Structure formats: structure tokens, C-alpha cells
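So you know, we letter chains A, B, ... as the sequences are listed, proteins then strands, and number each from 1. Nothing here was measured: the structure is a model prediction, and the numbers come from that model.
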There are 2 protein chains.
Amino acid sequence: MAKQKRSKAEDPTTEEKIIEAACKVFTQKGYAATRTRDIAEEAGINLALLNYYFRSKEKLFQMIMAEKLQQLFSVIFPIINNSQLTLDKKIEALAENYIDLLIGNPELPLFVLSEIQANPEGFKDKIQVQKILKDSSLILQIRERNPDIEPVQFIVSLLGMTIFPFVAKQVLFPNEKIFRALMEDRKKLIAAWAKAMLKTK
Amino acid sequence: MAKQKRSKAEDPTTEEKIIEAACKVFTQKGYAATRTRDIAEEAGINLALLNYYFRSKEKLFQMIMAEKLQQLFSVIFPIINNSQLTLDKKIEALAENYIDLLIGNPELPLFVLSEIQANPEGFKDKIQVQKILKDSSLILQIRERNPDIEPVQFIVSLLGMTIFPFVAKQVLFPNEKIFRALMEDRKKLIAAWAKAMLKTK
DNA sequence: GTCTATACTACGATAGAC
DNA sequence: GTCTATCGTAGTATAGAC
């Protein structure tokens with residue numbers, strides 16, 4: 001048996017332990033503020049070992065970030081492009097799935113957004129949200145439903161209502177339990193509000 | 001003439017130059033990623049001089065951050081507590097004033113929020129938004145208007161619609177000119193949408 | 001694969017001349 | 001007040017034993 005390779009019910013591989021630790025520390029403190037020593041300690045291993053598995057802090061970070069971006073987009077993409085779903089269903093699905101994702105990863109949006117802000121060039125190629133949105137069935141459906149509304153404005157509002165509470169969590173919701181309860185309620189609220197918005201003008 | 005002290009129509013003081021530079025670099029890259037050398041260079045002065053005026057990177061940062069927090073709150077506070085204003089007027093004023101502020105300082109929210117995330121303890125005392133909101137006339141007016149709506153949920157939506165586009169600017173709006181135009185339109189949109197939301201259920 | 005020890009670099013901060 | 005030069009340290013990364 002040459003290498004470690006599992007992660008079924010068994011103990012996590014060293015590599016997995018490092019990734020998990022890196023995930024935690026990076027998302028909490030951001031790239032620049034995390035020290036590889038912190039990650040090593042969190043993973044319960046040695047600093048040298050971290051450089052053995054991943055060649056550098058940078059490489060490790062990019063791995064984590066790619067994973068996070070994947071998480072974020074894999075929720076949106078299938079929904080907005082599913083032409084089988086009505087506009088109302090899309091809105092409901094978006095609010096519900098996104099909030100579920102974010103309840104499990106509250107620091108995700110702030111982490112991703114602030115790293116992009118800190119290093120925009122590094123993401124220029126990897127992210128073209130406008131392109132993705134441009135041709136989505138979601139845009140068409142909004143135009144169809146209410147031609148007076150600029151679809152982008154509506155989508156930004158929908159995303160804002162959904163994501164913002166998590167971005168501002170630390171400031172607005174000191175109590176974790178209350179926060180979770182509010183976010184659960186919020187799924188239906190956002191859907192209802194978004195639909196009301198579509199009827200304006 | 002003992003010290004430099006002006007900043008009328010004249011050239012900025014060295015101290016002012018440093019603050020301005022620090023402002024720019026800190027908000028762009030975040031505390032951990034900025035090097036005092038960058039600030040010095042941006043200010044067109046020497047590294048040693050920076051430590052002469054402000055004792056340390058930390059001190060300089062706290063100064064900037066206090067200023068930024070001040071900026072953010074000084075817009076909200078007078079509006080939500082002005083019992084002279086009707087609910088509708090409050091909503092309009094909030095959207096309009098906040099967007100105007102943020103057009104002038106697009107990186108402000110992401111900067112503040114991510115620094116708080118990176119170092120929550122440092123802000124525990126300085127920020128109690130819940131307390132400020134709790135007793136505001138805004139909350140009362142929302143309850144009065146529509147008892148079925150949880151005021152906090154509504155306010156978070158209002159703030160989300162307003163602030164989120166700036167938080168996600170880098171990702172969603174590569175074109176600066178289009179962005180500004182959208183944000184100008186958005187003032188009225190948010191007000192209209194928020195009012196529609198208040199009629200639901 | 002995992003460790004200890006260490007090389008190398010970058011950064012914040014200070015000393016001291018002007 | 002402003003500079004040049006430098007110290008001390010913390011952080012990434014590597015060499016080499018086990």
C-alpha cells in the first residue's frame with residue numbers, strides 16, 4: 001500500500017487534515033493574515049509537512065479558493081439556467097438553496113469577496129458572472145414578466161437580500177441561534193418580497 | 001511658526017498625505033496585506049517618517065478605521081432616529097444618502113466588514129448596531145405599518161439591496177460607468193421595492 | 001511521511017545624521 | 001521634520017535525519 005488514500009469512515013488523511021485546517025483559518029482571517037504556522041497547528045501537524053504536501057502557502061490558498069468558488073457557483077448556475085423552472089420557482093429555489101449553503105458556510109461570501117477585492121487581477125479570468133447571467137433563462141423570464149424592470153437591478157436585489165445578512169453577520173447578529181432562526185424564516189420572506197418587487201411600476 | 005497646521009486651499013500637510021495614502025492602501029488591500037512601505041511610497045515620503053507621525057502601523061490603521069466607521073454610521077443614525085420623518089421618507093433618504101456615500105467610497109463596506117471579520121474582538125465594544133436599531137423610530141414605524149413583518153428582516157433587506165452591489169462590485173460590475181449609472185437609478189428602485197415589500201402578506 | 005533545525009527574506013520599527 | 005542605514009523579528013520555505 002503505497003500512499004494514504006481514503007477518507008471513508010476512517011480518520012482523515014494528513015492531506016485532508018491540512019485542507020480542512022487551511023479552509024478554516026483562511027476563511028476566518030483571510031490570506032494575508034493567516035500564517036502557515038497557524039494552519040499547521042490547527043491541522044495538528046508540522047510546518048514542514050505542509051510544504052511537503054502543497055508547495056507553498058499560495059498554492060494551498062488557490063486550492064481552497066477554487067473549492068469555495070465552486071461551492072458558490074454550483075448553487076446558482078443550475079437554477080438560473082434551468083428553463084424548466086418558472087420564474088417564481090427559480091426565485092424560491094435560489095433563496096432556499098443559497099441560504100442553506102450559507103448557513104453551513106457563513107463566512108464564505110465575505111471571504112471570497114474580500115480576497116477578490118484584495119487581488120482583482122488574480123480573478124479576472126476565473127470569473128465572468130456577467131457572461132453567465134447575460135444568456136441565462138432567468139434574465140429572459142424577468143424581462144417577460146415585467147419589461148419595466150432592469151433584470152440586473154432585480155437580480156442584485158435578490159442576491160443582496162440573500163447574501164448580505166451573512167456578509168454582515170458579525171455586525172448585525174451576535175447571537176448565533178437567533179441568526180439561524182431568522183435565516184430559516186428568511187427563505188420564504190425573500191421569495192415573497194421578490195415576487196412583490198416584480199409587480200411594481 | 002512651530003508646526004504645520006492647515007489644509008485650506010494649500011498643499012496637504014505631511015500628516016494629511018500619510019493619512020490619505022493609508023486610507024487608499026488599507027481599504028484596497030486590507031490591514032494584513034498592506035505594508036507600511038507601500039503607504040510611505042504612496043504618500044511620497046519616507047518609511048521612517050510614517051513612524052514619526054503615527055507610532056505604528058496599528059495606530060495608523062485604527063485612526064483610518066475609526067474614520068470609516070464614523071462615515072458609515074453618520075449616514076444611518078440621523079435618519080433612523082428622526083421621528084419627524086415618515087417611514088416612506090426614511091426609506092427614500094436611506095437609499096439615496098447611502099448610495100451617494102458609497103458611490104464616493106465604493107470599497108468602504110467590504111473593507112469595514114472584512115476587517116471586523118478578521119478581528120471581531122477588536123470591535124466588540126465599538127459597535128452595537130442592535131442597540132442602535134432596537135430603540136429607533138424606524139423599528140416602531142415598521143411595526144405600525146405592517147405588524148406581520150419582522151422589522152429586522154425588512155431592514156436587512158433594505159440594507160442588503162443598498163450595500164450589496166458595492167460589496168460585490170468587483171465581481172458584478174467590471175464597467176465603472178455602467179455601474180454608476182445603475183446605482184443612480186437604483187436609489188428610486190430601492191425605495192419603490194421596499195415600499196412594495198411592506199405591503200406583502 | 002514526518003520530524004528538527006535552519007536558511008532566507010520581508011517587514012515593522014528605531015537610531016542618528018542633517 | 002525628514003532622511004539613510006540598520007536592527008530585530010516573524011514568516012515562508014528547505015535541508016537532512018529518522
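- Taking atom CG of B/D38 as the reference point, atom C1' of C/dA10 lies 12 Å away to the nearest angstrom.
- If you measure from atom CG of B/N51 to atom P of D/dT6, you get 18 Å, rounded to the nearest angstrom.
- In this structure, CG of B/L47 is placed 11 Å from P of D/dC3, rounded to the nearest angstrom.
- A donor-acceptor contact shorter than 3.5 Å links the side chain of A/K57 to the backbone of A/T34.
- OP1 and OP2 of D/dC3 both lie 4.0 Å or more from every side-chain N or O belonging to B/N46.
- For B/R35 and C/dG12, a side-chain-to-base donor-acceptor distance below 3.5 Å is absent, hydrogens and geometry of angles not being considered.
- For the pair A/N175 (side chain) and A/I178 (backbone), a donor-acceptor distance under 3.5 Å is present.
- Between A/Y52 and D/dT14 there is no side-chain polar atom (N or O) within less than 4.0 angstrom of OP1 or OP2.
- Distance A/E58 CD to D/dG11 C1': 15 Å, rounded to the nearest Å.
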Response to the item:
Each base of DNA chain D marked ( ) or [ ] if paired in-strand (Watson-Crick or G-U under 3.5 Å), | if paired to another strand and . if unpaired gives ||||||||||||||||||
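- Atom CD of A/E16 is separated from atom C1' of C/dG1 by 15 Å (rounded to the nearest Å).
- Looking only at distances, no side-chain donor or acceptor of A/E67 sits under 3.5 Å from a matching main-chain atom of A/I64.
- In this structure, CD1 of A/I18 is placed 13 Å from P of D/dA13, rounded to the nearest angstrom.
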Practice prompt. Please step through side-chain hydrogen bond (donor to acceptor under 3.5 Å, both in side chains) for the pair B/K187 and B/T162, ending with a clear verdict.
Written response: CA-CA 8 Å; B/K187 296 174 187 173; B/T162 309; over 6 Å; no
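- For B/I45, taking side-chain heavy atoms from C-beta onward, the closest of the listed nucleotides D/dC3, C/dT2, D/dA13 is D/dC3.
- Rounded to a whole Å, the CG atom of B/L50 is 9 Å from the P atom of C/dA13.
- Comparing C/dT4, C/dG1, D/dT2 by their nearest atom to the side chain of A/L49 picks out C/dG1.
- Side-chain contact of B/K68 with B/T27: a donor-acceptor pair under 3.5 Å is absent, judged by distance alone.
- In this structure, B/I99 and B/R186 have side chains that are in contact, with non-hydrogen atoms separated by less than 4.5 Å.
- Aromatic pair B/F111/B/Y31: ring centres not closer than 6.0 Å.
- For A/K57, whose side chain is taken as the heavy atoms from C-beta onward, the closest listed nucleotide among D/dT2, D/dT14, D/dA13 is D/dA13.
- With C/dG1, C/dT4, D/dG1 as the candidates, the nucleotide lying closest to the side chain of A/Y53 is C/dG1.
- When the P atom of C/dT2 is taken as reference, atom CZ of A/F54 falls 12 Å away, rounded to whole Å.
- The shortest distance between the side-chain N/O atoms of B/T14 and the OP1/OP2 oxygens of D/dT2 is below 4.0 Å.
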